[in-house]
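Quick one: this structure, given as structure tokens, is what I'll be asking you about.
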Amino acid sequence: MAELLTKFPRRRTVLLASLLAVGMTATACSAPGEDRSSTQKSDAAVKTELGTGPVTLEMYAETGFPLAKALADEFSKQHSNVTFNIREDQFTVIVENAPRVMASDNSPDIIRLPTMVDLVKDDLLKNLDPYFTAYGWDKFPASQLMQLRVGENTRGTGSLYGMGLGYSVTGVFYNKKLASQIGMTQPPATVAEFEELLAKAKTGGVQPIMQFNKNTAGINFPHQALQNQFGDPTQVADWIFQKPGATFDTPAALKATQTIQKWAQAGYFTKDANALDYAGMVGEFQKGNGLFMFNGDWESANLDKSMPGNVGFFLFPTESPGGKHVAMSAPNTFGVSAKAKNPDAAAYFLNWVHTNAKAREISVTVGGSSPGGPSDLPVPSAAPNTVLAETLKASQQLGAENGAVDFTANATGGIFAAAITPEMQKLIAGQQTPEGYVKAVQAEYQKELSR
Amino acid sequence: MNLSRREQLTGRVFLIALIVVTLLPFVSMLSAALQPRGTVPSGLEWPSDPQWGNFADAFTAANMGALLRSSLLIVAGVVPVSVLIATMAGFGLGQLRVPGGRLVFGLFLLGLTLPFEAVVTPLYYQMQDLGLLNTRWAIILPLIGLYMPFAVFWMRAHFTNVPVELSEAARVDGSSTWQLFWRVQVPLARPAIASLTILMFLWTWNQFLLAIVLVDDATKRTMAGALGAFQGQWGTDLVLLCAGSLLILTPTLIVFLIFQRQFIKALIQGSVKG
Amino acid sequence: MTSALGSAPTGRDDSRARPTPTRAHRFRWARAAGTGWLYVLPALVMYAVFVLRPLVLTLQYSLYDWNGIGVARWVGLDNYLTVFTDSDLLKIIGNAIVLIVFFSFIPVALGLLVASMVRRITTGAFGTVVRTILFMPQVIPLVAAGIAWSWLLSSNGLVNQALRAVGLGGVARAWLGDFDTALPAVGVIGAWVLLGLCTILLVTGMSKIDPALYEAARLDGAGPVREFLAVTLPSLRQEIGVCLTVTIIAALASFDIVYISTSGGPGLQTTVPGLEIYRLAFSQRQVGLASALAVVLMLLVLACVLPIQRLSRGEKP
């Protein structure tokens, strides 16, 4: 090409001119987006009957988490006119795809959501307030749905935009055999005790923590667990909910980051943590290649199956003995797309998940999480001596202590991908300082909020 | 000129080393694909009990039948049309030498080094406006346009070298331009057309970016796009991923092995990046 | 278009082939002009609608702040300012330039080495087998190459297995997840894909060199190195130009391999402009910034490729 271009130097201006001419006529000089309107009618009447006509619900769910499919199958069994068409991707892929998929005309009805604020801002998510009223979800404990509310650019208050397929709690899973090998007889009561166990494991030749940090930063789990303990958790919650003036640059976050750095330097994480993905982590833990794993109760049922009797769970310990437990706990959020073709059926399904006895049982046995829903419905019980029973108990304990906070990774649409993940990868590889880490995360946060 | 035995030998050793390096990734994938599901295989070890059934699992998981059909449909939509209109344009620019042809050709050349990333965003909104997102047309139509710079360049280069006297002779016989094109020029251009067809097939089959941006349903994508979706879903199940990847790249390899002589010729001439 | 150039069936100089316009010719042209345009039109229309129009739109978007849904806000050159001042984006562009070393220089250099070794033994059955195998990476989707190499370079992969086997377990690591090695590791994948193509192109080029040139060089007492510098290299100028052009475009516009093997990590260590454009436009919904980056990428490709084209043709008759 080049040789031909250079051959006609005089032609080049002509070319550019004609190219521009083509372009002008093509675009007619209007600003992009001017001819697109995206007004959403949130006050339209909603139906709470499913009807009997055939309905196909398009669902976009997460690979490796069989709960959504199990619930869908049961729903179809009970309502034969409803079929599900389920597309699955890894969570990172959903995060990347969600805005584009939901903006398209083939938007799914029900979708596993990463973060909601941006999607709400872009009018991509259906406002569920009418369903809230119609189905009487006010009988649910208000705190259950709080994280799913989005108001004027903040979260935690405002209209409802999602529901949980189970409400999860996170903490630390441990390998019982390895634990007794290093002399751990009961879960640690303080952060200091936890660190002692880490050191003991390391000297005893046991990999202390099996944690993934590829694609999405799994080490943000222990990081936030520490951050929750080192300061006032409402500070963390305010930051996540984008309350004005909230900052990540706090002594608690810094101390947590320093601790993570210390752990990384001490070799408490695996050497290839930055190349270990979620499934790899779970696989290695199941094989007995790590003492602790920071994870959530969604993995309980699976762990009971793969290492029966050999796995335990505890909420991350407090800084001083007898303190209040704080843990990341969040709904496994599913939303209804603004462009959903069957929003009423989708909402019916979400209500059914919370209230139908069989569905609640599936939430526990397959999903491993508390099913949520009205407080007067019983929580199905799990088999004794399983880690599932332990996580359910922890979930109730956390509820009683009112210690649930959302994930920092959910603060804004891009915070996880654009700041936490890369900066955490740098931190544990010794390429970032703790001070630099908190500043970088806060900088990205401000950049996104100012947009 | 005679090469010394030593030279011959070093040459061969080098080539064999190169071949081994080229083939290793495939062999390593095969060894992983044959391990029992749910295990974490290591680099290269022949399994004691090869699990050929993994391929059957991957075939089902990937929905191979639908993928093959989709890729073939897209190729059928892109390649014949591209080759035809590029040949016509090459004929018009190279033989008929239409007035203003240089300007038009210059316009085409502008697109010759264009990275697809540079236009994929507007293409997305254009397809959305046309209501074609998530249909195969969303891949087919832009690809035809995007191939034009190279295809026209290629065909024009051929037609420029065909002596004008040939057309003269045909005209004296009283043929119309269309007859001249079909009966005289196209048969003569067959080698150039064949190479172009092979290149277009390969590029279409392996097109990834447009597929993942414009089409969400893996069963409406190209092979490469479908492989991307397969990785997105099963990326954490290494055994299945390797089995599926091998399955998905097999059709290309088979076509390549059948037409390898023509492929290599086309690739050398076209100096391709896939 | 990421393919290209130069070695298309001759016809580089159409002015030579053109006969002097006689009256008869003029008459013919005039008559053919109208019909001639009909032949060019379909291709031109497809090109205009699906390439030129989007291209102009990219230019237009790049001047706006737009989330892809609402109404855009005019920001002039602000997006370009961001591209040239944001340290992350500069790093991303830098990554693409580093990849040129692996995608272009290594395959061409290694290709030259191999090609001069095997100058004349690529004929016969052995030659066919060699060519077929070396071309396989060119034929499979880049996505497959990415998957295969991610596995090869992973913690349990073949590379580490081999290192451990020869007692170098100490350097074994997750190559694509390590800050120091991720970008070179991605580069190695690209080199693997492009090495075969470059080698074959160069071998083909060498086989066209007049053996008399070598004889003359030998008579002058030139050793293999002098011979290579004095005869082989100058004669291959055009082929090397083609190799560099194709591979540099592949490096700068890389997307598939990175998307599959590292998705840009760890940190931003392997993020390249193509991936960032995709992310910005479709995940972060900053269509304006994505478009500005796309324009910069386009210009970068031209800035690298045009001089090479000029050099590789320069003194040729």
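Lettering of chains follows the sequences in order, A, B, ..., and the numbering in each one begins at 1.
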Subject >> Pairwise distance CE(M46(C)) to CG(L141(B)) - rounded to 0.5 angstrom >> reply: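 Those atoms lie 5.0 Å apart.
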Original post:
Distance from M88(B) atom CE to L41(C) atom CG, nearest 0.5 Å?
Top reply: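 Interatomic distance, M88(B) CE to L41(C) CG, rounded to 0.5 Å: 9.0 Å.
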**OP:** Report the option among G90(B), P122(B), A32(B) that has the most heavy-atom pairs separated by less than 4.5 Å from atoms of chain C.
**Re:**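 Top option by heavy-atom pairs under 4.5 Å: P122(B).
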**OP:** Nearest 0.5 Å please: distance from the CZ atom of F105(B) over to the CG atom of L44(C).
**Re:**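 If we round to the nearest 0.5 Å, F105(B):CZ and L44(C):CG are 13.0 Å apart.
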Original post:
At a heavy-atom separation under 4.5 Å, does L293(C) approach chain B through its side chain, its backbone, both, or neither?
Top reply: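 Answer is neither: L293(C) stays 4.5 Å or more from chain B.
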Original post:
Who among V152(B), V81(B), L238(B) has the most heavy-atom pairs with chain C under 4.5 Å?
Top reply: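 Heavy-atom pairs under 4.5 Å are most numerous for L238(B).
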Subject >> Pairwise side-chain contact, V104(B) with W37(C), heavy-atom cut-off 4.5 Å (strictly under) >> reply: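 In short, these two side chains touch, coming nearer than 4.5 Å.
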Subject >> Check: V49(C) main-chain N/O paired with Q126(B) side-chain donor or acceptor under 3.5 Å >> reply: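 Judged by distance alone, yes, a pair lies under 3.5 Å.
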Original post:
If you round to the nearest 0.5 Å, how far is CD1 of I140(C) from CG of L249(B)?
Top reply: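 Answer rounded to 0.5 Å: 5.5 Å.
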Original post:
Is there a side-chain contact (heavy atoms from CB on, under 4.5 Å) between L202(B) and Q138(C) once you walk through the steps?
Top reply: CA-CA 9 Å; L202(B) 203 58; Q138(C) 275 297 305; 6.0 Å; no
Original post:
Is N206(B) reaching over with its side chain to a backbone N or O of V139(C), donor-acceptor style, under 3.5 angstrom?
Top reply: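 Such a contact is found between N206(B) side chain and V139(C) backbone.
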Original post:
With chain C, which of G92(B), A118(B), A86(B) has the greatest number of heavy-atom pairs at distances under 4.5 Å?
Top reply: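 Option with the top pair count is A118(B).
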Original post:
With chain C, which of V13(B), T222(B), I212(B), I16(B) has the greatest number of heavy-atom pairs at distances under 4.5 Å?
Top reply: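 Going by pairs under 4.5 Å, I would pick I212(B).
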Original post:
Are Q231(B) and I147(C) side-chain neighbours, meaning at least one heavy-atom pair lies under 4.5 Å?
Top reply: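 Yes - at least one pair of side-chain heavy atoms lies under 4.5 Å apart.
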**OP:** Drop me the distance from Y124(B)'s OH to L57(C)'s CG, to the nearest 0.5 angstrom.
**Re:**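 Taking OH in Y124(B) and CG in L57(C), the distance rounds to 15.0 Å.
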**OP:** Give the member of W205(B), F159(B), F26(B) that has the highest number of heavy-atom pairs under 4.5 Å with chain C.
**Re:**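 Of W205(B), F159(B), F26(B), F26(B) has the most heavy-atom pairs under 4.5 Å with chain C.
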Original post:
Looking at A290(C), A294(C), P141(C), A148(C), which one has more heavy-atom pairs under 4.5 Å with chain B than the rest?
Top reply: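 Among A290(C), A294(C), P141(C), A148(C), the one with the most close pairs to chain B is P141(C).
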Original post:
Minimum heavy-atom separation for G145(B) to F50(C), with atom names?
Top reply: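 Nearest heavy atoms, G145(B) then F50(C): CA-CB, 4.3 Å.
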**OP:** Kindly indicate whether the side chain of F255(C), heavy atoms from C-beta on, has any atom under 4.5 Å from the side chain of F116(B).
**Re:**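 Not touching, per the 4.5 Å side-chain cut-off.
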Original post:
Which region of L93(B), side chain (C-beta onward) or backbone (N, CA, C, O), has a non-hydrogen atom less than 4.5 Å from a non-hydrogen atom of chain C, or is it both or neither?
Top reply: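 Looking at L93(B), backbone and side chain both touch chain C.
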Original post:
Quick one: what part of I248(B) sits under 4.5 Å from any heavy atom of chain C, side chain, backbone, both or neither?
Top reply: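 For I248(B), there is no contact with chain C at all, as no heavy atom is under 4.5 Å.
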Original post:
Is the closest side-chain heavy-atom distance between T58(C) and T121(B) below 4.5 Å?
Top reply: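 They are not in side-chain contact.
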Original post:
Looking only at heavy atoms, what is the nearest atom pair of M29(B) and A144(C), with distance?
Top reply: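 Taking M29(B) first and A144(C) second, the nearest heavy atoms are CE-O, 4.3 Å.
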Subject >> Test item: W192(C) side-chain N/O and V21(B) main-chain N/O as donor-acceptor pair under 3.5 Å >> reply: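 Judged by distance alone, yes, a pair lies under 3.5 Å.
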**OP:** Kindly say whether the aromatic ring centers of F208(B) and Y259(C) come within a distance under 6.0 Å.
**Re:**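 They qualify: ring centres under 6.0 Å apart.
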Original post:
What part of S62(C) lies closer than 4.5 angstrom to a heavy atom of chain B: side chain, backbone, both or neither?
Top reply: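 Contact with chain B is absent: no heavy atom of S62(C) under 4.5 Å.
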Subject >> Intermediate values then yes/no, side-chain contact (heavy atoms from CB on, under 4.5 Å), M148(B) and V51(C) >> reply: CA-CA 9 Å; M148(B) 280 309 113; V51(C) 179; over 6 Å; no
**OP:** Please work out which of the three classes, parallel, tilted or perpendicular, describes the rings of Y125(B) and W66(C), given edges at 30° and 60°.
**Re:**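 Tilted: the ring planes of W66(C) and Y125(B) meet at 30° to 60°.
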Original post:
Do you know the tightest heavy-atom contact between L24(B) and L152(C)?
Top reply: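 In terms of heavy atoms, the two residues are closest at O-CD1, 4.4 Å.
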**OP:** Examine distances only and state if a side-chain atom of W151(C) and a backbone atom of P25(B) form a donor-acceptor pair shorter than 3.5 Å.
**Re:**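 Answer holds: no.
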**OP:** Could you please spell out the steps behind the side-chain contact (heavy atoms from CB on, under 4.5 Å) verdict for V213(B) and Y278(C)?
**Re:** CA-CA 8 Å; V213(B) 169; Y278(C) 170 75; 3.5 Å; yes
Original post:
How far apart are the closest heavy atoms of E117(B) and G274(C), and which atoms are they?
Top reply: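 For E117(B) and G274(C), the tightest heavy-atom pair comes out as OE2-CA, 3.4 Å.
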Subject >> Nearest heavy atoms of T22(B) and L134(C), plus distance in Å >> reply: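 Shortest heavy-atom contact: OG1-CD2, 3.6 Å.
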Subject >> Note, L113(C) side chain near F14(B) side chain (heavy atom, < 4.5 Å) >> reply: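 A side-chain contact exists here, since the closest heavy-atom pair is under 4.5 Å.
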Subject >> CG on L253(B) to CE on M136(C), rounded to 0.5 Å >> reply: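 Nearest 0.5 Å value for the CE-CG distance: 5.0 Å.
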**OP:** Determine the option with the most heavy-atom pairs under 4.5 angstrom with chain B, choosing from V193(C), T132(C), V295(C).
**Re:**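 Top option by heavy-atom pairs under 4.5 Å: T132(C).
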Original post:
Pick from T199(C), V296(C), I260(C), I277(C): which one has the most heavy-atom pairs with chain B under 4.5 Å?
Top reply: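 That would be I260(C).
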**OP:** Mind listing the closest non-hydrogen atom pair of P149(B) and Y47(C) along with its distance?
**Re:**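 Between these two residues, the closest heavy atoms are CG-CE1, 3.5 Å.
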